[in-house]
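See below for the structure under consideration.
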Amino acid sequence: MNLLDLYNRLLETFGYQNWWPVDYDYHKIHKTDPKDEIIIGAILTQNTAWKNVEKALDNLKSKHALSLNVIKTMDINLLQSLIRPAGFFKRKSLILKEISNNMHDNIKRDELLNIKGIGKETADSILLYAYDKPYFVIDAYTKRILERVFNIKFKEYDEYAFFIKSQVQEDINLYKEYHALIVKLAKEHCLKKPLCEGCILKDSCEHMFTK
DNA sequence: CTCCAGGAAACAG
DNA sequence: CTGTTTCATGGA
């Protein structure tokens, strides 16, 4: 089994994940930019369960503040109270302020990485899901699954991205879907403490043979 | 109670 | 340059 086989198998099993989740109706009604929801969500979900991010996003919506333009001028204390459920709220409020002042539609990766609080994964999530740029998102799940399923381990973020991109065709929709499917598998079976029982990869996962 | 979640920066050695 | 700690909430 190679990386493309894994992708096809995950897709067959779980179907399209329809990432990134965006409330387009909200943005149509409030005349705000749907990309902002992806950018804000990408920051809020740093080391945080998505369930908690959803609460923060709902709070922002209730104040018509799911928008970088609104966040830019919003009182910092109010912002913190709205995003509190997503954790790290003091830090994240500063990151949101920073990005709301520096974001623009043809932003480059290096420029994103220069914003304090935006690391490689967050930058690539924004570039891929908000701007349809061909960056493969590498997160803790991706590393975990590569190591368990293929017994492959690197030191650097860029090594993971380079390797994966060398194994599949450059296709924006594949990049988007593959990452979403990896998250799905990681949440269903490939948890930190693996639930191999019932996992679709039971027959071909290196982890099953090496333990 | 402990552990973990769609990380990143600061800090220590 | 590599490993560890800090940041915080909420659910299992």
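First the proteins, then the strands, lettered A, B, ... as listed; each starts at 1. Note that this is a predicted model, so its numbers are computed, not measured.
Regarding A:Ile115, its CD1 atom lies at a distance of 11 Å from the P atom of B:dA9, rounded to whole Å. One can place CD1 of A:Ile118 at 12 Å from C1' of B:dA9, the figure rounded to the nearest angstrom. Taking atom CD1 of A:Ile138 as the reference point, atom P of B:dA8 lies 12 Å away to the nearest angstrom. Going from atom OH of A:Tyr157 over to atom P of B:dA8 covers 8 Å, rounded to whole Å.
For the 3.5 Å distance criterion, the side chains of A:Ser62 and A:Asn59 fail to qualify, holding no donor opposite an acceptor.
Residues satisfying the salt bridge (Lys or Arg N to Asp or Glu O under 4.0 Å) criterion with A:Glu147, sequence neighbours excluded, are A:Lys153. The salt bridge (Lys or Arg N to Asp or Glu O under 4.0 Å) search around A:Asp75 returns none, not counting sequence neighbours. For A:Asp33, the salt bridge (Lys or Arg N to Asp or Glu O under 4.0 Å) test picks out A:Lys35, with sequence neighbours left out. Under the rule for a salt bridge (Lys or Arg N to Asp or Glu O under 4.0 Å), A:Asp36 has no partner lying at least two apart in sequence or in another chain. For A:Phe150, there are no ring-ring contact (aromatic ring centres under 6.0 Å, His included) partners, not counting sequence neighbours.
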Identify each donor-acceptor pair in which a side-chain atom of residues 161-172 of chain A lies under 3.5 Å from a protein atom, sequence neighbours left out, and give them as a table.
{"unit_1": "A:Lys165", "atom_1": "NZ", "unit_2": "A:Pro134", "atom_2": "O", "d": "2.9"}
{"unit_1": "A:Ser166", "atom_1": "OG", "unit_2": "A:Phe163", "atom_2": "O", "d": "2.6"}
{"unit_1": "A:Asp171", "atom_1": "OD1", "unit_2": "A:Asn173", "atom_2": "N", "d": "2.8"}
{"unit_1": "A:Asp171", "atom_1": "OD1", "unit_2": "A:Leu174", "atom_2": "N", "d": "3.1"}

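The side-chain heavy atoms of A:Tyr131 and A:Asp105, taken from C-beta on, include a pair separated by under 4.5 Å. In this structure the side chain of A:Pro194 reaches within 4.5 angstrom of the side chain of A:Arg148, judged on heavy atoms. At a threshold of 4.5 Å between non-hydrogen side-chain atoms, the residues A:Asp124 and A:Leu127 count as touching.
In the region residues 84-108 of chain A, proximity to DNA chain C at under 4.0 angstrom, judged on heavy atoms, holds for A:Arg84, A:Pro85, A:Gly87, A:Phe88, A:Phe89, A:Lys90, A:Arg91. Of all the residues in residues 174-185 of chain A, not one reaches under 4.0 Å from DNA chain B with any non-hydrogen atom. Of the residues in residues 35-57 of chain A, those with a non-hydrogen atom less than 4.0 angstrom from any atom of DNA chain B are A:Thr45, A:Gln46, A:Asn47, A:Thr48, A:Ala49, A:Trp50.
Within the structure, the side-chain hydrogen bond (donor to acceptor under 3.5 Å, both in side chains) test picks out the following pairs touching residues 9-19 of chain A (sequence neighbours left out): A:Arg9-A:Asp203, A:Arg9-A:Ser204.
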Taking N or O atoms only and anything under 3.5 Å, show me the protein contacts with nucleotides 10-13 of chain B, one pair per line.
{"unit_1": "B:dA10", "atom_1": "OP1", "unit_2": "A:Lys116", "atom_2": "NZ", "d": "3.4"}

Worksheet item: Hey, mind stepping through A:Thr122 and A:Thr45 against side-chain contact (heavy atoms from CB on, under 4.5 Å) and telling me if it holds?
Response: CA-CA 9 Å; A:Thr122 306; A:Thr45 198; over 6 Å; no

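Note on ring orientation: taking the six-membered ring where Trp is involved, the planes of A:Phe136 and A:Tyr175 are perpendicular (angle over 60°, cut-offs 30° and 60°).
No salt bridge links A:Lys155 with A:Glu159; every basic N to acidic carboxylate O contact stays at or beyond 4.0 Å.
Within a 6.0 Å radius of NZ in A:Lys90, other residues, nucleotides and ligands contribute 12 heavy atoms or fewer.
Contact footprint of chain A on DNA chain C: nucleotides with an atom under 4.0 Å from a non-hydrogen protein atom, first to last in 5' to 3' order, C:dT2 to C:dG11.
Spacing of P atoms, C:dG10 relative to B:dA8, comes out at 22 Å, to the nearest Å.
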